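Written below as structure tokens is the structure these notes are about.
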Amino acid sequence: MVDLLEVSGLTKRFGGLVAVNNVSFSVREKEILSVIGPNGAGKSTLFKLISSFLRPTSGEVRLKGERISNLAPHIAARKGVVRTFQETTIFKNMSVRDNVIIAHHLRSRANLFGFFLGTVAAKADEAAFGQSADDILALLGLASLAGETARNLPHGHLRALGIAIGLATNPSILLLDEPFAGMNHDETMRMVSMVRRLRDLGLTILLVEHDMPAVMKISDRVVVLNFGQKIAEGTPPEIQANDKVIDAYLGSEDEAIGL
Amino acid sequence: MTQRAMTLSVKIASVAVFLAIVFIAVPVLIAASGRTDLYYTLTSVALLSIASAGVWLTFYIGRINIGQGAYALMGGYVSAILVVNHGWSFWPTLPVAGLFCAAASVLIGLPILRLRGVYFAMVTLTLTEVARLLALALPITNGAKGMVSIPLPGALSVFGLTIIPDFATLRNSRLAFYLLAVTLMVVCFAVMYRLVHSRIGKLCQSLQQNEELASSIGVNIAYLRVIAYAVSSFFGGVAGAIFAAISQSIYPSSFTVTDSVNFMLNCFLGGLGYVFGPMLGTLVLYFGWDLLFQTGQFQLLIYSGLMIVLMLVLPNGLLSLAAPTRKN
Amino acid sequence: MNQILKFVDVELYYDHVYALKGVSLEVNEGETVALIGANGAGKSSILRAITGLRKIRSGEIHYGGKRIDGAAPDEIVKMGIAMVPEGRRVFPYMTVRDNLLMGAFTRTGKSEIAASLEMVLGRFPRLKERYTQAAGTMSGGEQQMLVIGRALMAKPRLLLLDEPSLGVAPKLVQDIARSIVAINRDEKVSVLLVEQNSRMALRISQRAYALTTGSVALSGNSAELLTDDRVKRLYLGGEI
Amino acid sequence: MEQVIANGFYLGAQYALIALGLTLIFALMNVLNFAHGQMYVLGGFITYTVYGQLGLPFVVALLASGLTLAIIGALMEKFLFRTVIRRSLREESTMLLAAATAFFLDAIILLLFGEKQRGVPKIVKGVFNEGGIILPYDRLVVGALALIFIAAFVLYMQYSRVGRAMRALAQDRVAAQLMGVKVDRYSMIGFAMGAMLAGIVGGLLVTITGVNSGIGGPISIKAFLMVMIGGAGVVGGAIAGGFILGMMESVGLTVLREYGDVTYLVIFAALMVFLSIRPNGLMGKPWG
Amino acid sequence: QNKELKIGFVGVTSGPAAAWGTSNVRSMQTRAAWINETGGVKIGDATYNVNIVTFDDQKDPKRAIAGMEKMAQEGIHYVVGPNVDDGAAAVRPVAEANGIIYFPYAFPKALYQKPASNAVLGMIANYQSGPAIYKYLKENKGVKTIAFVAANESDPLSQRDGGVEAAKALGLEVVAQNDTYQNDTRDFTPVLTPIVALKPDLLVLSGVAPANAPLLIRAARELGFEGLISTETAQDAKVLEEGAGEYANGFISVGGASTPEIASDAMKEFVARYTKMFGEYNDESNTKVYALEYILETLKANPAAINDVAEFKKTMDTFSAPNPYLKGDAKLSYVGTTSFGQKRQLAVPMVVNEYKDGAFQTLFVGTVD
Ligand SMILES: Nc1ncnc2c1ncn2[C@@H]1O[C@H](COP(=O)(O)OP(=O)(O)OP(=O)(O)O)[C@@H](O)[C@H]1O
Ligand SMILES: Nc1ncnc2c1ncn2[C@@H]1O[C@H](COP(=O)(O)OP(=O)(O)OP(=O)(O)O)[C@@H](O)[C@H]1O
Ligand SMILES: CC(C)C[C@H](N)C(=O)O
Ligand SMILES: [Mg+2]
Ligand SMILES: [Mg+2]
């Protein structure tokens, strides 16, 4: 397997706070890699650095050997690195379907002027995106909600829509920030198999999640952050047995409360 | 399919009716009633609605623009300076004024379009004032004394064929200005309509609703913002240039903060959700003031009172009456 | 046992779409009741209906024997119902202290409020450490503790919790779950808990309702539901 | 130079007080109150009438200004802004309402009080003149009063129950509602307080700068500037913005006079550059 | 039954400059009501009641054009206003195309010089009164140094430039000429601090709005300024009294008619009627009583002009009538030859006033040609 994404010595400071501290790891092609850690450990910040939403204080990110830190977010997206947001982030006043259609932007062959004039290419784009959007919505079980205004969705479906938007950009690596938050077990498991299917289709996936059963089930490897630093890296069983991780993050099992 | 064909034919019919009204019915009615003063009022409405359309476009990308007066002023000066100091014919100065404003707006927009909400609103408000102060201070604008006695637009001919006659020789230059203004208005709103109903419109909406997400799906938000702003300023510049030609003069105070605010209000009144909102808004606000002129000292009271009532009844703009939108 | 909360045939609409359709349920005094169900089933809508954030279209909501549907949110808070909303919603630019004091907004009596403050800080020592920090700068887990503490400051008889484990690290989820148990036990507060983490919810509650698309599909004793096949399949998952 | 600093400081105190009410209303309702200046003018005219015309004590006049405006503010919130906010799709729509209200107040003020500039007898006579600083006593008094009002307001917002509720309301309406805050009532109180501040500062300043029916609009715009410099919706920002603008004017007018009449051009341009660099003002929150 | 004679007004009666247009409108309305009450005005064979048609242009040149169009539509040929430079310039095409003579209260020479021909300056321009005032002060009060301050707007800045030129021509030393203020300024101390430090003999408030004048005076005096203060436009005594109190004593400005030394009985009655009608007199109207009087008197002199401004223009060159507002045998006539090369100005007496304890006193009366 090849390393698709390489994070080396990545550090981000906010004033006095070091949110991400000298973190290095790499992601292989067609891998599902989870990043876990306590609240405030720097996971989302790490994602923002990788997707160029933030500029690192030091260190860098490489995609297939090419440096992609310090770019504008839309350029990173163009290169195939796309993130979903931890906060439910959608285009509130558009329909669910329009949300997904617009997210096909990167795939369009016509340019702005072409859109304006309504050229053949633009019309073809239009038709293709509509089709693809319907497919994606069906895949994520949102098809019945296609016409609903996005702001009215309940929490769980918002998360799914966020993923649909990410998918529509046709990324080579998708960064999912807490995609299962607010989903019940059944839904989580459906999403898990969906994400796996995406991986099988050739997508590489980076995941931040607090839902441990899901993480352990889905991940090829896990990276653990604490106070901005990487404290462990390994396969799910290795992580589950790691004392440092249990201490900082997982906690020991407590039957009384079902955890 | 038949449904679609139906709405299409309805659309074509309403466009035809609209064109017939502005190009035929209005002049005929004015001639019949002898109300020639209405020409100027309607010309103003047309021009101000072009400038307001620009403001509307910036609303469409999620920016409250109270700086359109600056570009109208700039456009007016560019045209006036070219005509008076450089002997240009008026016609080429029209696009040049628009382009000049668009170019200027790119330079100004790059830094300030990063601002949002009220901050952007305030910076553009300041911009209007900066434009006025610059017009007072720069030598090329003739400062406080303004530029007066600007000649009327001359003839425009292409390949020896006179398309537009010399305005100075016309018996009714009001009609000529009216036709010029409404023609430009029609073009401007056609462009707007097309913009909004193409994918660009959706992209603009995506900016309005969530810039971060837009950039995460690969939209070059900075570029799109600047483009929209440039188009907006182009409209402002063109409107300003024609006003300079009509009044044959331009002063630093020809377009002020009040105008910028009015452009914005026109958009609100018509409805931010409708392409033709600014046109209707301008008509009502500008024409309304004129219509109330008989009420003398109570003019402002009645005018503002009506505005408040309109707002209470139709908070989403006049057009929400015809095309209601759902609010959850 | 005394019913503290009772829903009779409640219907709730957003525009023309129903979110709740003939929901009936009850919470007894001193009980912890869990509400589980898929996304969009209407769990949050139930809580919104109780607090008066959304008006119901038909049916009745009784609290302590009184009908409360139609009352304004502030009146309902005064009656002793406190809610921890979905997505935390701390007052981000206010200190931890001011956030907590806001929780006691409807109460009078300086010394009683001070006593509640002591109680909350005792229960969540982390909040004491962060006493003067702006709430918005705290970590997600800390914020979750803060909003629970804030709700307790109202000295409620009924506490509504909407997905308190959302986005919280496992270890903290445990802390929070233990706190809920302790609050229910020590402060004699009845709890209505909405949770996606059904296993946890069923463990710490006495009874539970499972919702599907706006109506109650299953209800009963939590311990029994934990072993119910349908529940296992839908909400707990067989293997991990 | 001492004189310049003293001028700037006095001006700043007065500006800060003007900006406070505006920022309060903005924070609570997300309404950019275009009518703020008109409220200020109305306050000025009430003090003019009560103190200047009827000859009642200045304090009474000031109270009357504050009270009347508080009532007007409350009514405006209840009957105008509340309805529009509730019914409109985009919250910016209130800008049109605010502007219409501004015109309406302008019209009423013009009809009631006429077109002339008005002034009242000085509240204190004499001029302080020492150490290179010249400051009329009435300015000292007004400046001090402004500082007192600012401090009182800040303390009230920070430590009182009502103040806390209003801050909560500004940060999260729904959460505030869940705390038992009557959002409608507190919005009304907040709006009334913002209007009252405008009325009080109008009454205060009429003793020094007089008042006329036309200055409402310009005052609003100036207040917007201060609020933006400091950061919208933040009390500290309004105060900082007021003092900064006051100082910039005072220093600029002295330092830049050699370069011709460019002071305000420079001030405005500097503002634009500043905001481009700090998109949320000095201490503002994103989005305002 | 009397016929109706409509006379127009297009100017500013709301907003920050409301006082300018309001003093115009009210003086016209007062006079019209007076005429109508006493049987109307006889022009040629017909007797007319005067009807004043007003349009508030909100100080916006674009609206001013609309106003002028309205006047044309109403068949009006004589319009008073606009009040500011840009508006006066903007309405010119409409006025000329529709045969309207208008009487701006704005000073740009281009409005009154050929080829322009339909504008008649309604008052004394600053470039006419300024030199006279400076000369008087130089000779009588020993003024040697002079400082200017103006609002950052077209009208005041133009007036300042004119003033500076005039002062230099008189050999005065101009010590400050670049100081400007935003028109929304409420506290002038910062503006005046550097100027007062220069200790000029005379401080000129160029084109100052009546609302700002007392504030400027007060700030200057409180900063310890001891020289003279003057302006070239009309002011209101009450406003000065309320805003600056005794600080305003000695302030020099330009009036037109009502100072006790020169006012005729007719002027006194005018003031009384104005006060009765509107509650309070505005001294700015002293310069503004004339426009309507001129229009009516000229029409009387040549009734053919009632619908034909060419006739009006012809009459202007030779027109002369008694000035009812001044004691003695002052005349109404058209002047402006020196300034504009044609008679496009009302011969309003140039009354230079000095404010003293709540009223104006005449310093000297000059004329313009
Ligand atoms: N823009 C910012 N300015 C200042 N501090 C920040 C900023 N963004 C994040 N932080 C801080 O950096 C730290 C890491 O935050 P981050 O959002 O990456 O945590 P996380 O691991 O995603 O936590 P969670 O699981 O709760 O989402 C936190 O302490 C946070 O407060
Ligand atoms: N503001 C709204 N406008 C329109 N429909 C809404 C609104 N809020 C919720 N709904 C709809 O009501 C239904 C119930 O929503 P609710 O938020 O109660 O679900 P939930 O059970 O809490 O889901 P989740 O677990 O995802 O939070 C959903 O179908 C949702 O689409
Ligand atoms: C020239 C001006 C300052 C006079 C002013 N426009 C007026 O109407 O009084
Ligand atoms: Mg995170
Ligand atoms: Mg929910």
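Source: prediction; values computed, not measured. Just so we're on the same page: letters track the sequence lines, and every chain starts at 1.
- Enclosure of atom OH in E:Y247 by more than 12 non-hydrogen atoms of other residues, nucleotides or ligands within 6.0 angstrom is indicated.
- For D:F103, no part sits under 4.5 Å from any heavy atom of chain E, backbone or side chain.
- Here the CZ atom belonging to E:R186 is positioned 6.5 Å from the OH atom belonging to D:Y40, to the nearest 0.5 angstrom.
- Looking at D:S250, the atoms closer than 4.5 Å to chain E (heavy atoms on both sides) sit in the backbone and in the side chain alike.
- With values rounded to the nearest 0.5 angstrom, E:Q182 atom CD is found 9.5 Å from D:L265 atom CG.
- Each of E:G15, E:P214, E:G243, E:S23 has some count of heavy-atom pairs under 4.5 Å with chain D, and the biggest count is that of E:G15.
- Residue contact with chain D, scored on non-hydrogen atoms closer than 4.5 Å, involves the side chain of E:R26 exclusively.
- The part of D:V120 that comes within reach of chain E is its backbone (N, CA, C, O), which places non-hydrogen atoms under 4.5 angstrom from that chain.
- Within a 6.0 Å sphere centred on CD of E:E246, other residues, nucleotides and ligands contribute 12 heavy atoms or fewer.
- Atom CD of D:E115 sits about 5.5 Å away from atom CG of E:N282, to the nearest 0.5 Å.
- Of the residues considered (D:Q3, D:Q14, D:R118), D:R118 shows the highest number of contacts with chain E, using heavy-atom pairs under 4.5 Å.
- The CZ atom of E:R218 sits 4.5 Å away from atom NZ of D:K122, with the distance rounded to the nearest 0.5 Å.
- Looking at D:Y15, neither its backbone nor its side chain comes within 4.5 Å of chain E, counting heavy atoms on both sides.
- The CG atom of E:N152 sits 8.5 Å away from the OG1 atom of D:T263 when rounded to the nearest 0.5 Å.
- Between chain E and the options D:R257, D:E249, D:E258, heavy-atom pairs under 4.5 Å are most frequent for D:R257.
- One finds no salt bridge joining D:K116 and E:E242 here, because no Lys/Arg side-chain nitrogen approaches an Asp/Glu carboxylate oxygen to under 4.0 Å.
- The neighbour count for D:F128 CZ, taken as heavy atoms of other residues, nucleotides or ligands under 6.0 Å away, is above 12.
- For E:A176, the parts lying under 4.5 angstrom from a heavy atom of chain D are both the backbone and the side chain.
- In this structure, chain D has heavy atoms under 4.5 Å from both the backbone and the side chain of E:S14.
- Residue E:L215 touches chain D through its side chain alone, counting heavy-atom pairs closer than 4.5 Å.
- One finds the OH atom of D:Y264 at 7.5 Å from the CG atom of E:D184 (value rounded to the nearest 0.5 Å).
- Interface residues of residues 204-224 of chain D toward chain E, defined by a heavy-atom distance below 4.5 Å and sorted by number: D:T207, D:I208, D:T209, D:G210, D:V211, D:N212, D:G214, D:I215, D:P218, D:I219, D:K222.
- Just one residue in the list E:V191, E:T180, E:T189, E:D179 forms a side chain to side chain contact (heavy atoms under 4.5 Å, CB included) with D:L253, and that residue is E:V191.
- Within a 6.0 Å radius of CD in E:E280, other residues, nucleotides and ligands contribute more than 12 heavy atoms.
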